[in-house]
Each structure stands twice: as structure tokens, then as C-alpha cells.
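Below is one structure; the comments refer to it alone.
Proteins get letters first, then strands, A, B, ... in listed order; numbering begins at 1 in each.
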Amino acid sequence: MPELPEVEVICQGLRPHLTNRIITAISCSGKSLRYPVPHAAMNDILCGQTIRTVRRRAKYLLIATEDDTLAIIHLGMTGNLGIFPHSAPVKVHDHVRWLLDNGLELRLNDTRRFGAVWLLPPEQARDRENGFFGNTGPEPFGRLCTPAHFMTLAQRRKQPVKSFLMDSRVVAGIGNIYANEILMAAGIHPLRQACALEEDNWQRIITLTRQILTRAIACGGSTISDFINASGESGYFQVNFTVYGRKGQPCHQCGSPIEKIQIGGRASYFCPGCQKG
DNA sequence: CAAGTTACCTGACGGC
DNA sequence: TGCCGTCAGGTAACTT
């Protein structure tokens with residue numbers, strides 16, 4: 001589920017439901033996610049507070065309350081957030097629930113429990129770019145995401161460009177699917193060394209990253225309207241995949257069969273005809 | 001320091 | 001039908 005576009009879609013879908021609502025109760029499954037869920041702290045601090053903003057940074061969802069406390073939610077591999085009536089049956093992997101003052105509930109469902117929830121006090125929340133996100137790279141859409149930025153970080157990096165693009169310290173939010181798709185669009189082989197790319201390669205990668213992520217967000221956006229009953233559908237950008245999951249199928253550009261290899265332990269797809277070194 | 005590997009956890013799927 | 005191995009959109013702690 002959760003790639004940058006999906007987190008953005010979830011963020012946009014939740015915003016109107018959460019903004020200016022009061023959190024009235026917190027329930028947890030008791031199971032730990034990647035880290036223990038701060039159940040007691042959420043009870044003590046969040047209950048009774050009004051939600052002010054709902055934003056995204058990298059693949060994290062940021063929910064700020066009236067006193068500037070910040071709840072940060074990461075969805076891991078299988079996490080999902082949805083708005084449900086309080087009376088709706090609780091599902092197996094619903095681990096965190098925030099009851100709101102209108103009878104609806106925010107629910108975090110996460111089968112594999114690779115997700116996480118943090119609660120930052122106001123001071124840490126304000127300083128999050130130096131603290132919590134101190135090692136997180138720029139947003140792909142931000143003005144700090146430039147060819148110069150990539151070239152500086154890539155100087156001594158001989159690792160495959162695909163792994164480099166997926167490194168959250170380099171640039172935020174690019175996961176396995178989009179790294180594959182971006183490199184295909186750019187015509188760059190995923191195993192090419194990061195330090196070997198030149199300025200125009202990076203410019204192309206940046207432009208295509210923005211284009212692909214924007215399109216993916218637009219595709220996912222169509223499902224957010226029925227968030228209340230369905231728990232966030234996954235959108236339909238997958239019909240636009242050019243390489244991901246297409247092992248052996250013909251490339252839409254040149255007809256070569258798409259190849260699948262392992263890079264850094266992750267499934268990596270590329271077109272041997274279109275993506276050169 | 002860079003880069004590769006493993007661990008975390010559950011469920012779906014294919015082969016036998 | 002059932003058992004087993006493999007794989008999965010992420011991150012971070014390890015090891016080399």
C-alpha cells in the first residue's frame with residue numbers, strides 16, 4: 001500500500017475528516033508495531049485535543065493538535081488508515097483507533113506490523129526537520145531536490161543507482177515500485193553506479209520522478225471519496241506500470257522481455273532494450 | 001565510510 | 001486438502 005503517492009492520497013483523504021475534530025478516546029490492540037505504540041501518552045496528551053493539521057513528509061503522516069503535539073504515523077509495508085463509524089466491526093489487524101467527536105474513528109490497520117506511531121512533544125515537533133527528519137532527504141517536489149544535490153551525495157557512491165534512489169537520506173519517499181518505474185522512464189539501467197551519472201541524467205530523473213509521482217497521486221485520488229466505508233482502496237496506477245511486476249512480458253517501447261533481478265535484496269525490473277548503462 | 005545482509009511480521013500463492 | 005518454501009509496497013540494525 002504505502003508509497004509516497006499512497007501516503008499522499010491517504011493524507012488528502014483524511015484531512016477533511018480530521019481537521020478541527022476533537023479526539024475523544026484512544027484504543028489500541030496492545031500489540032507492538034515496529035516499536036511499542038505510545039498508548040498511554042496518546043491517552044494523556046491527545047484526548048480532548050482538537051486536530052489542527054494533517055500533512056505528509058516522506059512516507060510519514062503528520063497529525064498536529066492544538067498544542068502543537070505531533071503524532072507521526074508510518075505505514076510500513078501493509079499499513080492503512082481509514083475513517084470508520086465507531087460502531088463498525090473492528091478488524092483483525094486494527095491496532096490503533098482514535099475516536100472523534102462526531103462518532104467516526106481513525107483506524108490504523110497493519111497486518112505485518114512494520115508500521116509505527118510516534119508522539120512528539122511541541123518542541124520536538126517544531127524542530128522535526130533537524131530531529132526526527134534530520135536524516136531524511138528532500139521531498140521530490142521540493143526546491144532542494146536538484147541535480148546538484150544528487151551529484152554531491154553520489155560522489156563516492158558506487159552502489160546501484162536504484163538503491164541510491166531508494167535511500168531515504170538521499171531523497172524522500174521513493175520506494176521499490178517507483179525506483180523501478182523512474183529508471184525505466186529515464187532509460188537508465190538500475191545497476192548503473194550512482195557516481196557515474198551526470199547532471200543531465202539527474203535532471204531527467206528528477207523531472208520523471210515528479211511526473212510519475214504526480215500521475216500516481218492522481219490515480220489514487222479517485223478512491224479517496226469513499227474512505228468512510230472502504231478502507232482506502234489502492235487506486236489504479238498499477239495499470240500504468242511499465243516494468244514493475246512485468247517479468248517476461250514485452251516492453252511497451254521496444255518489445256524486449258522485461259527482466260527481473262535482485263538489487264539490495266529487492267525485486268528489480270528493467271527493460272534490457274531501453275535501459276542502458 | 002560504503003554497501004550488502006538480516007530481522008522484524010503475517011498472509012498469499014505455487015508446487016508437490 | 002495440506003504442507004512447505006518463497007515472496008511482498010519499508011526501515012534499521014547488523015556485518016563485511
Side-chain angles (χ1 to χ4, degrees), chain A residues 1-11 29-37 56-61 72-81 91-96 108-118 131-137 140 150 152-184 190-197 209 212-213 215-217 219-220 223 231-248 260-269:
Chain A
M1 284 291 297
E3 311 264 336
L4 181 151
E6 301 251 358
V7 178
E8 180 61 30
V9 166
I10 288 170
C11 181
S29 67
K31 291 205 173 178
S32 198
L33 301 181
R34 170 168 279 278
Y35 309 105
V37 174
R56 177 194 60 75
R57 169 76 168 97
K59 296 170 191 163
Y60 298 80
L61 195 77
I72 300 183
I73 300 173
H74 194 278
L75 300 174
M77 295 274 260
T78 52
N80 198 12
L81 284 163
K91 289 191 288 204
V92 186
H93 300 291
D94 284 345
H95 295 300
V96 181
L108 170 60
N109 186 280
D110 186 0
T111 304
R112 289 174 73 182
R113 292 194 273 126
F114 288 169
V117 178
W118 295 264
F132 191 91
F133 292 111
N135 290 319
T136 304
F150 284 103
T152 302
L153 290 187
Q155 269 177 4
R156 281 175 208 74
R157 309 275 294 255
K158 295 186 176 180
Q159 75 181 149
V161 62
K162 175 169 179 268
S163 306
F164 184 75
L165 272 185
M166 289 175 66
D167 185 339
S168 64
R169 297 167 302 180
V170 173
V171 60
I174 300 182
N176 195 37
I177 286 177
Y178 293 99
N180 281 302
E181 293 297 318
I182 290 162
L183 290 173
M184 168 60 181
L191 283 176
R192 191 154 162 206
Q193 292 186 341
C195 60
L197 297 203
T209 295
I212 288 169
L213 296 181
R215 285 184 191 157
I217 292 167
C219 286
T223 56
S231 58
E233 301 283 325
S234 58
Y236 49 86
F237 185 74
Q238 59 273 13
V239 303
N240 293 301
F241 287 171
T242 58
V243 288
Y244 187 83
R246 298 195 63 241
K247 178 186 175 184
K260 180 186 182 186
I261 58 175
Q262 289 286 120
I263 301 176
R266 312 301 301 273
S268 306
Y269 301 86

* According to a strict under-4.0 Å criterion, is A/Lys31 in side-chain N/O contact with OP1 or OP2 of B/dC9? -> no

* How far does the P atom of B/dC9 sit from the matching atom of C/dC3, given to the nearest Å? -> 23 Å

* Is there a Watson-Crick or G-U wobble partner for C/dG9 with both distances under 3.5 Å, and which nucleotide is it? -> none

* To do: Return the nearest nucleotide to the side chain of A/Lys59; candidates are B/dA3, C/dT11, C/dA8.
  => C/dT11

* To the nearest Å, give me how far apart OH (A/Tyr269) and C1' (C/dG9) are. => 11 Å

* Starting at atom CD1 of A/Ile177, determine the distance to atom P of C/dG10, rounded to an integer number of angstrom. => 7 Å

* **Approximate separation, where rounding is to 0.5 Å, of A/Arg192 CZ and A/Lys158 NZ** => 15.5 Å

* Please state whether the base of C/dA8 and the side chain of A/Arg112 form at least one donor-acceptor pair under 3.5 Å? => yes

* Asked: Does any donor-acceptor pair link the side chain of A/Arg113 with the base of B/dC9 at a separation under 3.5 Å?
  -> no

* For A/Tyr60 and A/Phe132, what are the C-alpha separation, side-chain angles and deciding distance, and is it a ring-ring contact (aromatic ring centres under 6.0 Å, His included)? -> CA-CA 11 Å; A/Tyr60 298 80; A/Phe132 191 91; 5.6 Å; yes

* Structure fact -> Of the candidates C/dG10, B/dT10, B/dA2, the side chain of A/Met166 sits closest to C/dG10

* To do: Starting from P on C/dA8, measure out to CD on A/Gln262 and report it in whole angstrom.
  => 6 Å

* Structure fact -> dist A/Arg56:CZ -> A/Ile73:CD1 (nearest 0.5 Å) comes out at 14.5 Å

* Send over the distance from A/Met77 CE to B/dA12 P, rounded to a whole Å. => 15 Å

* To do: For C/dG5 versus B/dA7, give the span between their P atoms, rounded off to a whole number of Å.
  => 16 Å

* Asked: Can you tell which of A/Leu33, A/Asn80, A/Asp94 makes a side-chain contact (heavy atoms from CB on, under 4.5 Å) with A/Leu108?
  -> A/Leu33

* To do: Using a 4.0 Å heavy-atom cut-off across all strands, classify A/Ala116 as base, sugar-phosphate, or nothing.
  => nothing

* Please evaluate the base of B/dG4 for a donor-acceptor partner in the side chain of A/Gln159 within a cut-off of under 3.5 Å? => no

* Asked: A/Tyr60 side chain: which of B/dA3, C/dT11, C/dG10 is closest?
  -> C/dT11

* Asked: Under 4.0 Å: is that the gap between some side-chain N or O of A/His93 and OP1 or OP2 of B/dG11?
  -> yes

* Does the ring of A/Phe237 carry A/Arg215 above it, NZ/CZ under 6.0 angstrom from centre and within 45° of its axis? -> no

* Whether A/Phe114 stacks on the six-membered ring of C/dT11 base, 5.5 Å and 30° limits -> no

* Taking the side chain as every heavy atom from C-beta outward, state whether A/Leu165 and A/Val170 have any atom pair closer than 4.5 Å. => no

* Give one of base, sugar-phosphate or nothing for A/Gly265, where a contact means two heavy atoms less than 4.0 Å apart. => nothing

* Asked: Just how far, in rounded Å, is C1' of B/dA2 from CD of A/Gln155?
  -> 14 Å

* Using the closest heavy atom to pick a nucleotide of DNA chain B for each, name whichever of A/Arg34 or A/Val92 lands nearer the 5' end. => A/Arg34

* To do: Assign A/Phe241 to base, sugar-phosphate, or nothing according to its heavy-atom contacts below 4.0 angstrom with the strands shown.
  => nothing

* To do: Pick base, sugar-phosphate or nothing for A/Arg266, based on heavy-atom distances below 4.0 Å to the nucleic acid.
  => base

* Could you check whether A/Tyr244 gets within reach of a base, just the sugar-phosphate, or nothing at all, counting any heavy atom under 4.0 Å? => sugar-phosphate

* Starting at OH of A/Tyr236 and ending at C1' of C/dG9, how long is that distance when rounded to a whole Å? -> 19 Å

* Atom CG of A/Leu61 to atom P of C/dG9: distance rounded to whole Å? -> 22 Å

* **Paired nucleotide for B/dC9 [Watson-Crick or G-U wobble; both distances under 3.5 Å]** => none

* Find which nucleotide of DNA chain B each of A/Gly264 and A/Arg156 is nearest to by heavy atoms, and output the residue with the more 5' nucleotide. => A/Arg156

* To do: Considering just the side-chain nitrogens and oxygens of A/Lys162, establish if one lies under 4.0 Å of OP1 or OP2 belonging to B/dG4.
  => no

* **Heavy-atom donor-acceptor pair, A/Asn180 side chain to A/Tyr244 backbone, under 3.5 Å** => no

* Asked: How close or far is atom C1' of B/dT10 from atom CG of A/Leu75, stated in whole angstroms?
  -> 16 Å

